[in-house]
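Some notes on the structure that comes next.
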Amino acid sequence: MRETRVKKIFDIICNDNKKYYTAKELSDELGVSLKTVRNDLKKINSIFIRNGGVLESKSRLGYSFKITDKVKFMEFIKTNWYEFAFYDE
């Protein structure tokens with residue numbers, strides 16, 4: 001099993017040491033293009049919006065994750081997160 005880039009981005013954004021991450025910072029951290037990161041961020045946001053969370057974007061600050069429905073989000077983490085977070089090699 002390997003982590004998906006979606007999981008890696010989520011793990012970085014949810015790091016307690018920093019509130020916001022720019023697409024450039026994520027791109028540098030993951031070694032992928034800005035376009036790839038932006039596409040992944042759109043995908044992550046579409047997943048989380050349906051499941052009790054949201055990626056907030058603030059100009060000049062970057063992206064931050066917020067839980068909008070704790071019960072729904074925790075259920076998603078327990079039941080469906082695995083299919084987005086890992087893949088078989």
Side-chain angles (χ1 to χ4, degrees):
M1 291 285 150
R2 290 189 59 188
E3 290 181 336
T4 62
R5 215 172 32 251
V6 166
K7 182 180 182 307
K8 290 176 184 177
I9 291 172
F10 180 70
D11 288 347
I12 293 167
I13 289 177
C14 289
N15 183 342
D16 289 339
N17 295 330
K18 189 172 178 180
K19 189 164 181 147
Y20 289 93
Y21 288 86
T22 66
K24 174 76 169 114
E25 289 172 318
L26 295 169
S27 170
D28 290 345
E29 177 81 20
L30 298 169
V32 297
S33 71
L34 281 171
K35 183 176 181 176
T36 297
V37 167
R38 288 188 181 114
N39 287 337
D40 287 345
L41 289 166
K42 287 178 190 176
K43 180 179 179 181
I44 291 168
N45 202 36
S46 71
I47 293 165
F48 287 144
I49 284 175
R50 295 187 312 263
N51 294 289
V54 66
L55 275 182
E56 289 186 343
S57 173
K58 291 200 177 181
S59 182
R60 298 190 193 142
L61 289 176
Y63 297 88
S64 179
F65 175 73
K66 303 287 183 223
I67 294 175
T68 57
D69 183 332
K70 188 173 183 178
V71 172
K72 192 173 185 178
F73 184 73
M74 294 310 293
E75 183 62 26
F76 167 70
I77 293 296
K78 288 180 197 173
T79 60
N80 295 82
W81 176 235
Y82 190 84
E83 70 184 81
F84 299 102
F86 300 96
Y87 65 92
D88 291 327
E89 292 184 277

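For this chain, numbers begin at 1 and follow the sequence in order.
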**Minimum heavy-atom distance Phe84-Asn80, with the two atoms named** = CD1-O, 3.4 Å
**Prompt:** Looking at Lys72 and Arg50, what are the two nearest heavy atoms and their distance?
**Reply:** CE-O, 3.1 Å
Got [X] and [Y] here, is their nearest side-chain heavy-atom distance under 4.5 Å?
{"X": "Val6", "Y": "Trp81", "answer": "yes"}
{"X": "Leu26", "Y": "Leu34", "answer": "no"}
{"X": "Glu29", "Y": "Glu25", "answer": "no"}
{"X": "Leu41", "Y": "Ile13", "answer": "yes"}
{"X": "Arg5", "Y": "Thr36", "answer": "yes"}
{"X": "Tyr21", "Y": "Ile9", "answer": "no"}
{"X": "Tyr82", "Y": "Met1", "answer": "yes"}

Given 3.5 Å as the limit, does a donor-acceptor pair link the side chain of [X] with the main chain of [Y], or not?
{"X": "Ser27", "Y": "Val32", "answer": "yes"}
{"X": "Thr68", "Y": "Gly52", "answer": "yes"}
{"X": "Thr79", "Y": "Glu75", "answer": "yes"}

**Hydrophobic cluster membership, Phe76 vs Ile49, 4.5 Å side-chain cutoff** = no
**Prompt:** According to a 4.5 Å side-chain heavy-atom criterion applied to Ile, Leu, Val, Met, Phe, Trp and Tyr, with indirect links allowed, do Met74 and Val54 form part of one hydrophobic cluster?
**Reply:** no
**Prompt:** Are Lys42 and Leu55 close enough, and set up right, to give a side-chain contact (heavy atoms from CB on, under 4.5 Å), and what steps lead you there?
**Reply:** CA-CA 9 Å; Lys42 287 178 190 176; Leu55 275 182; over 6 Å; no
What's the spacing between [X] [atom1] and [Y] [atom2] if we round to 0.5 Å?
{"X": "Thr22", "Y": "Tyr63", "atom1": "OG1", "atom2": "OH", "result": "9.0 Å"}
{"X": "Glu56", "Y": "Leu61", "atom1": "CD", "atom2": "CG", "result": "11.0 Å"}
{"X": "Asn39", "Y": "Ser33", "atom1": "CG", "atom2": "OG", "result": "8.0 Å"}
{"X": "Ile44", "Y": "Lys7", "atom1": "CD1", "atom2": "NZ", "result": "11.5 Å"}
{"X": "Lys43", "Y": "Thr4", "atom1": "NZ", "atom2": "OG1", "result": "7.0 Å"}
{"X": "Lys78", "Y": "Phe73", "atom1": "NZ", "atom2": "CZ", "result": "12.0 Å"}

**Message:** The test is side-chain contact (heavy atoms from CB on, under 4.5 Å); show your working for Arg2 and Phe86 and say whether it passes.
**Reply:** CA-CA 5 Å; Arg2 290 189 59 188; Phe86 300 96; over 6 Å; no
**Message:** Around atom NZ of Lys70, are there more than 12 heavy atoms from other residues, nucleotides or ligands closer than 6.0 Å?
**Reply:** no
**Asked** So, for Phe65 and Phe48, is the gap between ring centers shorter than 6.0 Å?
**Response** yes
